[in-house]
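Here is the structure we will look at.
Order of the sequence lines sets the chain letters (A, B, ...), proteins ahead of strands, with each chain counted from 1. Computed from a prediction, not measured in an experiment: that's the story for all the values here.
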There are 2 protein chains.
Amino acid sequence: MARTQGSHSAHTGPKVRTAAERLFARHGYAAVSMRQIAAEVGVQVGALYVYTPDKQSLLFEMMKSHLEGLIAALPQVSGEPLKRLEAFTRFHVRYHLDRPEPVFIAYMELRNLNAENFSVIEALRGKYEAFLETILRQGVEAGDMSVEDSKVATLAIIAMLTGITTWFRDDGRLTRAEVEEIYWDMVRRMVGA
Amino acid sequence: MARTQGSHSAHTGPKVRTAAERLFARHGYAAVSMRQIAAEVGVQVGALYVYTPDKQSLLFEMMKSHLEGLIAALPQVSGEPLKRLEAFTRFHVRYHLDRPEPVFIAYMELRNLNAENFSVIEALRGKYEAFLETILRQGVEAGDMSVEDSKVATLAIIAMLTGITTWFRDDGRLTRAEVEEIYWDMVRRMVGA
DNA sequence: GTCTATACGTGGATAGAC
DNA sequence: GTCTATCCACGTATAGAC
């Protein structure tokens with residue numbers, strides 16, 4: 001097939017996505033214009049609409065694929081609940097510290113999704129939370145953990161762990177490994193182990 | 001003094017503030033227009049500028065007064081660190097559950113502040129965090145608590161407690177008192193008491 | 001203090017040329 | 001696939017009448 005004049009599609013598609021991700025994370029979805037995204041990619045506005053039907057889809061797709069990737073990467077460790085809780089905790093910290101931009105967007109831009117897209121994202125989030133809640137329930141059943149309310153504990157642990165992304169800096173006082181250790185220690189205590 | 005034609009200033013001032021607060025909390029600062037705020041208040045756009053020089057000041061003032069109120073309300077309990085930690089925890093939960101809108105704004109809209117305003121807000125936030133960190137340090141010194149890193153533990157506790165506002169509903173499964181109890185229990189364990 | 005009218009920039013999105 | 005040009009709605013903010 002003859003090459004279309006000025007074609008760069010193989011590169012441009014992913015670039016649109018990453019440019020939007022960086023800009024949404026930094027300035028917020030509502031504050032970023034399609035023109036800014038185009039400038040970041042190095043094309044004119046019109047070209048963006050080859051890769052996305054509209055701005056809303058750009059946001060939805062990046063949140064959806066982030067959450068799907070997160071769920072797919074959940075550690076499928078077998079064994080005692082406490083071991084699985086440790087694996088989950090270390091996984092969550094690492095995965096989130098490695099992807100600050102989609103993480104930030106997934107937590108900040110929920111209200112900029114339309115109703116239909118919102119329910120899809122909420123379902124994915126619920127699936128992720130259910131994974132942790134199951135561990136906590138089984139830990140309590142097995143007598144390894146002491147948790148008053150497994151749903152609340154789930155949300156508390158996730159909020160605590162995700163909060164790391166708001167202050168952690170690679171050139172800061174603590175290494176990722178140290179942070180991971182400190183948080184695992186706090187989670188372990190929280191569940192009464 | 002003669003009454004100005006159509007004057008409603010005594011009511012309009014506060015209404016602008018609360019309307020902006022409600023709209024910013026629901027849709028985000030960048031997504032809300034001055035026209036929407038005016039409609040919510042029940043005036044025309046031009047009238048808003050009697051009460052604020054611009055949209056940015058509206059955001060800054062509401063964040064500033066929220067944080068100043070929060071700091072002023074901190075529980076000045078004397079006694080053992082553990083007692084003071086409990087007072088802080090219960091205070092934080094109650095104060096935040098009572099003011100979901102300014103709380104949400106103060107955590108979500110930091111990036112929409114200009115540089116100068118941002119540094120003012122960050123300083124206030126630091127002051128609030130320092131209050132908790134001092135309690136933890138003193139608890140460790142007194143041998144009542146076991147905390148690996150007081151700064152990290154401070155941020156973890158605040159993230160965990162503030163996260164409640166994202167899911168708590170008054171018509172939900174748990175009462176405020178129950179939530180307060182569950183979280184105090186988790187905090188207590190986290191600090192190794 | 002509030003209104004109407006308006007200036008002027010920028011927003012998302014599309015059409016048609018190359 | 002990309003560009004230029006354009007549509008038209010909506011954004012913040014101000015001026016001047018009442």
Side-chain angles (χ1 to χ4, degrees), chain A residues 1-24 26-63 105 109 111-117, chain B residues 1-24 26-62 105 109 111-114 116-117:
Chain A
M1 194 196 278
R3 184 123 191 280
T4 307
Q5 202 183 29
S7 168
H8 300 289
S9 72
H11 300 298
T12 308
K15 276 170 80 177
V16 169
R17 205 205 133 109
T18 60
E21 203 165 88
R22 179 160 53 241
L23 289 169
F24 288 171
R26 191 159 330 181
H27 308 292
Y29 173 78
V32 172
S33 69
M34 293 300 271
R35 287 174 165 84
Q36 277 177 272
I37 297 171
E40 184 94 354
V41 173
V43 295
Q44 294 300 314
V45 211
L48 294 182
Y49 291 87
V50 173
Y51 304 99
T52 181
D54 50 34
K55 193 185 172 192
Q56 167 75 199
S57 302
L58 220 43
L59 176 63
F60 173 62
E61 291 301 331
M62 83 178 57
M63 288 177 72
I105 292 165
E109 303 296 354
R111 60 186 168 188
N112 286 308
L113 291 171
N114 65 36
E116 193 185 357
N117 291 342
Chain B
M1 195 195 280
R3 184 117 189 284
T4 307
Q5 203 183 27
S7 169
H8 301 287
S9 72
H11 301 297
T12 308
K15 275 171 80 178
V16 169
R17 205 206 134 109
T18 61
E21 204 165 87
R22 177 160 54 240
L23 289 169
F24 288 172
R26 189 158 333 180
H27 307 291
Y29 172 78
V32 172
S33 70
M34 294 299 272
R35 288 189 219 274
Q36 279 176 271
I37 297 171
E40 182 95 354
V41 173
V43 295
Q44 294 302 313
V45 211
L48 294 181
Y49 291 87
V50 173
Y51 304 98
T52 179
D54 50 34
K55 194 185 170 191
Q56 168 75 202
S57 302
L58 220 43
L59 177 64
F60 174 62
E61 291 301 332
M62 83 178 56
I105 292 165
E109 302 297 353
R111 59 187 168 187
N112 286 307
L113 291 171
N114 65 34
E116 192 184 356
N117 290 344

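Side chain of B:Q36, nearest nucleotide from D:dT12, D:dG11, D:dT4: D:dG11.
Side-chain N/O atoms of B:S33 include none lying less than 4.0 angstrom from OP1 or OP2 on D:dC10. Proximity of B:Y51 to the phosphate of C:dT2: a side-chain N or O atom is located under 4.0 Å from OP1 or OP2. Between A:T12 and D:dT2 there is a side-chain N or O to OP1 or OP2 distance below 4.0 Å. The phosphate of D:dG11 has OP1 or OP2 within less than 4.0 Å of a side-chain N or O from B:R35.
Among the protein residues, A:V41 comes within range of no part of the nucleic acid, since none of its heavy atoms lies under 4.0 Å from any strand. Residue contacts shown for A:V43 are limited to sugar-phosphate atoms, with no base heavy atom under 4.0 Å away.
C:dG1 atom C1' lies 13 Å from atom NZ of B:K15, rounded to whole Å. For the pair A:N112 CG and C:dG12 P, the computed distance is 12 Å after rounding to whole Å. One interatomic measurement links the two molecules: CG of A:L23 to P of C:dG12, which rounds to 12 Å at whole-angstrom precision. As rounded to whole Å, 16 Å separates atom C1' of D:dG11 from atom NE2 of B:H27. The CG atom of A:D54 sits 17 Å away from the P atom of C:dG11 (whole-angstrom rounding). A:Y49 has its OH atom 19 Å from the P atom of D:dT6, to the nearest Å. A:M34 places its CE atom 23 Å from the P atom of C:dG9, with the value rounded to the nearest Å. Here the C1' atom of nucleotide C:dT14 and the CD atom of A:Q44 are 15 Å apart, to the nearest Å.
Nearer to the 5' terminus of DNA chain C, by closest-nucleotide assignment, is the contact made by A:A31 (compared with the other of A:P53 and A:A31).
A:F24 has its side chain within reach of A:I37: a pair of non-hydrogen atoms, C-beta onward, lies under 4.5 Å apart. Residues A:T52 and A:R17 fail the side-chain proximity criterion, which asks for heavy atoms closer than 4.5 Å. Between A:Y49 and A:K55 there is no side-chain heavy-atom pair separated by less than 4.5 Å.
A salt bridge is defined here as a Lys NZ or Arg NE, NH1 or NH2 lying under 4.0 Å from an Asp or Glu carboxylate O, and A:R111 with B:E109 meets this definition.
Under a 3.5 Å cut-off, the side chain of B:Q56 and the backbone N or O of B:N114 do form a donor-acceptor pair.
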